[in-house]
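Note that the coordinates shown come from a computational prediction; the quantities given were computed from them, not determined experimentally.
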Amino acid sequence: MAEPHRADPTSTPPRAAAASAAAACVVAGAVAVTVAVVAGPGPGLTGYVSEAGVTDSGYAPAYRIGVFALAAGVLLLAAALPPVLRAAAALLAAGSVFALVSGAVACSAGCPLPPFEQATTADLVHGAASILAVAAVVLAMLATTLTRAAPSMLRRLAGVALALALPLAGATAVALVTVGRGGLIAVLERLLLLVAVLWGAATATTIALRR
């Protein structure tokens, strides 16, 4: 007698639907933020991405909508992950909350951060939330990579993303406290965010297609 087919835990209809919605939100959010950064009045490659969300910028609404879409995408991805990746899902859920705070609290002009600039309370809240959101996503990559029972494709995607994200995250942290605002940290920040977005979209798409 043939063994009955066992459903793939990464591809149940609810998880596949959540994964599809996650991929759409991540891509749409990344596009909206990119448009705000490129078309907005910010300093280009010498400033932070968050400067596109400064209140007096005409592209601030697009930036905030993009960040909120990314937060929704990260939360949906957490819901789409298979049960074995509970730690990664919890980290992504926390990251979505931090991203929501980052989008809701706008920084002042230039998004100043210590130790080289005097920051307001809003600057500190926005900066901390943004850093914690990205850190949570990177830690979710690590948790996925270290979970041996996770589907091999998801582990491989996380491993590749982690190999790129960890050096970028470390270099960004060092640049933040030793160099401050400028071209170096702007490029590092954008590359790190790009890796996070690509990993989120690729992971969500993989789960959706395994249906």
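Screening residues 137-149 for side-chain hydrogen bond (donor to acceptor under 3.5 Å, both in side chains), with sequence neighbours left out, gives no hits. Applying the side-chain hydrogen bond (donor to acceptor under 3.5 Å, both in side chains) test to every pair with at least one member in residues 85-111, sequence neighbours left out, gives these pairs: S102-S130, S108-D123.
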Handout entry: Stepwise side-chain contact (heavy atoms from CB on, under 4.5 Å) check, T203 with L81
Key = CA-CA 9 Å; T203 300; L81 290 179; 4.2 Å; yes

Exercise for the section: Go through V195 and L191 one step at a time and tell me if the side-chain contact (heavy atoms from CB on, under 4.5 Å) criterion holds. Expected result: CA-CA 6 Å; V195 171; L191 290 175; 5.7 Å; no

Practice task
Evaluate the side-chain contact (heavy atoms from CB on, under 4.5 Å) criterion for residues L113 and L176: first the C-alpha distance (whole Å), next the side-chain angles of each, then the deciding distance (0.1 Å), finally the verdict.
Solution key: CA-CA 9 Å; L113 289 175; L176 184 63; 4.1 Å; yes

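The two atoms that bring L188 and A175 nearest to each other are CD1-CB, 4.2 Å, heavy atoms only. Residues A119 and P112 approach most closely at CB-O, 3.3 Å, considering heavy atoms. Here the closest heavy-atom approach between residue A16 and residue A208 is recorded as O-CB, 3.9 Å. Minimum interatomic distance between A149 and V84 (heavy atoms only, all atoms of both residues): CB-CG2, 3.4 Å.
The backbone N or O of I207 lies less than 3.5 Å from no partner atom in the side chain of R15, so there is not a single donor-acceptor pair.
With values rounded to the nearest 0.5 angstrom, L184 atom CG is found 11.5 Å from E189 atom CD.
Ion pairing between R181 and E51 holds under the 4.0 Å rule for side-chain N and carboxylate O.
The hydrophobic clustering, which links ILVMFWY residues whose side-chain heavy atoms are closer than 4.5 Å, places L75 and L77 apart. The cluster map of Ile, Leu, Val, Met, Phe, Trp and Tyr, joined by side-chain heavy atoms under 4.5 Å apart, puts L193 and Y63 in the same cluster.
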